[in-house]
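Throughout, a chain's letter reflects where its sequence line sits, starting with A, and its residues are numbered from 1.
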Number of protein chains: 2
Amino acid sequence: MDAMDTSTPRARAREQTMRDIVRIGRGHLATEGAAALSLRAVARDLGLVSSAVYRYVASRDELLTLLVVDGYDELGDAVDAALERVDTADFAGRLAAIGRATRAWALAEPATYALLFGSPVPGYEAPAERTTGPGTRVVGRLVEVWEDAWQAGAVDLDDAPLTPRRFSRDLGRIRRELGLSAPDRLVARGLFAWAALFGCLSFEVFGQYGADTLTDPADLFEAHLAALVEAVGLA
Amino acid sequence: MDAMDTSTPRARAREQTMRDIVRIGRGHLATEGAAALSLRAVARDLGLVSSAVYRYVASRDELLTLLVVDGYDELGDAVDAALERVDTADFAGRLAAIGRATRAWALAEPATYALLFGSPVPGYEAPAERTTGPGTRVVGRLVEVWEDAWQAGAVDLDDAPLTPRRFSRDLGRIRRELGLSAPDRLVARGLFAWAALFGCLSFEVFGQYGADTLTDPADLFEAHLAALVEAVGLA
DNA sequence: CGAAAGCAAGAGCACTGCTCTCTTTGGTCA
DNA sequence: TGACCAAAGAGAGCAGTGCTCTTGCTTTCG
């Protein structure tokens with residue numbers, strides 16, 4: 001079904017063309033933006049007529065999905081690579097490494113970042129069965145940090161249940177699904193830190209801060225990281 | 001220049017048409033999204049041929065600008081109205097009111113929220129001279145809260161300069177331009193809270209959290225507000 | 001009253017996503 | 001080797017888009 005057979009020359013050529021489409025699509029995504037991503041333009045750059053591209057990609061939306069998965073993979077790889085260079089017991093360092101790696105990737109690939117974490121593309125819904133897997137890699141790494149820190153007793157947060165009770169139940173369900181021992185407050189603070197991290201990144205990538213109010217935006221990001229570390233009780 | 005003369009019937013008709021265009025544009029923005037906003041479709045709904053709309057709006061980008069300004073104004077009004085119902089001395093309450101009002105507006109107008117705080121529309125740059133004014137109302141209110149709280153001695157943050165020195169200088173410049181007495185750390189935490197708030201909102205509005213993992217997302221937002229209050233030292 | 005300005009309409013250009021048909025090419029198998 | 005079939009590419013075509021230009025008509029004002 002996947003036509004992943006690389007034995008025949010034809011299959012290899014097809015795979016190469018698929019890679020070219022994604023590569024050119026990423027280029028257009030970076031220069032034109034997601035909404036202006038044009039299958040016809042990709043076809044031109046590929047030296048093909050527009051209808052021929054439909055032999056490889058069913059629709060513009062499927063091209064977007066390919067780029068979404070590609071982006072999640074690249075980001076996930078970058079985060080994993082950064083985490084390998086950090087001491088496992090340094091929980092704040094792991095959190096900072098995730099943040100810095102994500103920021104570096106986001107600044108290098110703002111268009112893909114916008115595609116993954118910005119406003120949803122109108123009329124396009126990422127198919128869950130293909131994107132949730134790669135899409136949850138980063139938050140998964142974050143959860144690992146908090147869980148490890150909690151089990152190591154390095155988290156300065158109490159384990160009292162949060163109010164209202166339905167909220168505590170929801171958090172309990174999340175805890176159960178992910179197999180965590182972290183208490184309500186840490187799960188909630190973890191969700192906060194996750195959202196806050198991407199809020200900081202979106203502001204920077206999308207230029208929500210003034211244009212040149214800061215000499216080096218990295219300084220502000222480091223301050224943000226300190227606030228994040230504190231928010232999850234890793235101070 | 002603005003043709004705001006309401007004396008002649010023609011000017012009044014023109015103004016009415018402009019309002020209709022913004023109203024219909026907002027409707028399309030809500031249902032189709034910013035990137036799919038079509039001047040031709042607006043013209044159809046208006047009962048005009050597409051070229052006639054260009055008598056009123058110079059381009060699609062200018063229509064976007066109208067909607068941007070309209071959105072900032074509406075959000076600013078909502079925040080101001082919410083703040084009127086809060087005791088001035090209740091700094092955490094003011095912060096929470098700003099957050100809740102912004103959230104309510106964002107959930108009611110997700111497309112406009114995406115236009116203002118989501119990924120930038122490719123090829124469109126909001127003209128600073130028309131959007132910075134209304135666009136800074138909310139963050140201005142936030143800054144007021146922190147400044148008032150600092151002057152009232154209600155902020156639990158030290159006033160040591162932050163590192164590196166260039167970052168402290170940048171923060172000093174911001175402090176001077178806004179006429180603040182808040183120290184480095186509070187300014188930095190304020191920026192963090194600002195970005196974090198919109199990160200939480202973007203995750204909720206754009207559906208970055210799982211679809212139905214929470215009984216009532218407002219519970220999580222209240223937890224986020226508590227974290228924000230703590231982050232700026234208003235605990 | 002007549003000139004000037006404003007308004008609407010329509011045609012047209014270049015672009016988009018996508019479908020359809022047609023022809024060529026490549027791989028397989030008798 | 002030759003036949004056959006599926007994959008790949010080409011091209012035309014449909015409906016939509018932003019935007020420009022010209023052509024008339026109407027309102028306003030000197």
Side-chain angles (χ1 to χ4, degrees), chain A residues 1-22 24-25 27-29 31-67 115 121-125, chain B residues 1-22 24-25 27-29 31-67 115 121-125:
Chain A
M1 167 172 271
D2 258 352
M4 278 303 172
D5 183 8
T6 56
S7 59
T8 80
R10 187 163 237 171
R12 293 203 302 122
R14 181 178 183 85
E15 206 173 332
Q16 181 58 46
T17 304
M18 286 294 284
R19 266 196 298 269
D20 287 346
I21 289 175
V22 171
I24 295 173
H28 286 194
L29 190 68
T31 56
E32 316 289 335
L37 184 70
S38 150
L39 239 159
R40 285 181 118 110
V42 171
R44 268 195 301 274
D45 280 19
L46 203 61
L48 285 181
V49 88
S50 74
S51 60
V53 181
Y54 283 85
R55 299 267 177 213
Y56 299 88
V57 173
S59 68
R60 199 192 90 116
D61 282 8
E62 182 166 326
L63 177 55
L64 276 179
T65 299
L66 289 177
L67 295 173
L115 180 61
V121 181
Y124 169 72
E125 183 115 18
Chain B
M1 169 171 267
D2 257 352
M4 277 303 171
D5 184 9
T6 57
S7 58
T8 81
R10 186 162 239 171
R12 294 203 302 120
R14 184 180 180 85
E15 207 174 332
Q16 182 57 45
T17 305
M18 286 294 283
R19 266 197 297 270
D20 286 347
I21 289 176
V22 171
I24 295 173
H28 286 194
L29 190 68
T31 56
E32 316 290 335
L37 183 70
S38 152
L39 239 159
R40 284 183 119 109
V42 171
R44 266 196 301 275
D45 280 18
L46 202 59
L48 286 181
V49 87
S50 75
S51 59
V53 181
Y54 283 85
R55 296 267 172 203
Y56 299 89
V57 174
S59 67
R60 198 192 91 116
D61 283 7
E62 182 167 326
L63 176 56
L64 276 179
T65 298
L66 290 177
L67 295 173
L115 181 61
V121 180
Y124 168 72
E125 183 114 17

I need the L64(A) CG to E125(A) CD distance, nearest 0.5 Å. 12.5 Å
Rounded distance (nearest 0.5 Å) linking atom CD1 of I21(A) with atom CZ of R19(A): 12.0 Å
Measure the distance from CG on L64(B) to C1' on dT17(D) and round it to the nearest whole Å. 14 Å
Reading 5' to 3' through nucleotides 19-24 of chain C, protein heavy-atom contacts under 4.0 Å coded B for base, S for sugar-phosphate only, - for none: BB----
M18(A) CE to dA8(D) P, straight-line distance once rounded to whole Å: 11 Å
Selection from dA10(D), dG17(C), dA8(C) that lies nearest to any side-chain heavy atom of L48(A): dA10(D)
Spacing of Y124(A) atom OH relative to dT16(C) atom P, expressed in whole Å: 20 Å
Taking OP1 and OP2 of dA8(D), is either one under 4.0 Å from a side-chain nitrogen or oxygen of R14(A)? yes
Gap between atom CD of E62(B) and atom CG of L67(B) - 0.5 Å precision: 11.0 Å
Strand contacts (DNA chain C) in residues 38-47 of chain B, 4.0 angstrom heavy-atom criterion: R40(B)
Mind listing the side-chain donor-acceptor pairs of residues 37-56 of chain B below 3.5 Å, one per line with the distance, residues two or more places apart or on another chain?
unit_1, atom_1, unit_2, atom_2, d
S38(B), OG, R40(B), N, 3.3
S38(B), OG, A41(B), N, 3.0
D45(B), OD2, H28(B), NE2, 2.9

Using a heavy-atom cut-off of 4.0 Å across all strands, would you classify L63(B) as base, sugar-phosphate, or nothing? nothing
Spacing between Y56(A) atom OH and dA7(D) atom C1', to the nearest angstrom: 8 Å
What is the distance, rounded to the nearest whole Å, between atom CG of L37(A) and atom C1' of dT17(D)? 16 Å
Return the value, rounded to whole Å, for the distance between atom CG of D61(B) and atom C1' of dG18(D). 10 Å
Do the side chain of Y124(A) and the main chain of A35(A) share a donor and acceptor less than 3.5 angstrom apart? no
Using whole Å, what does the distance between atom P of nucleotide dT28(D) and atom CZ of R12(B) come to? 11 Å
Gap between atoms CD and P, on E32(A) and dG17(C) respectively (whole Å): 12 Å
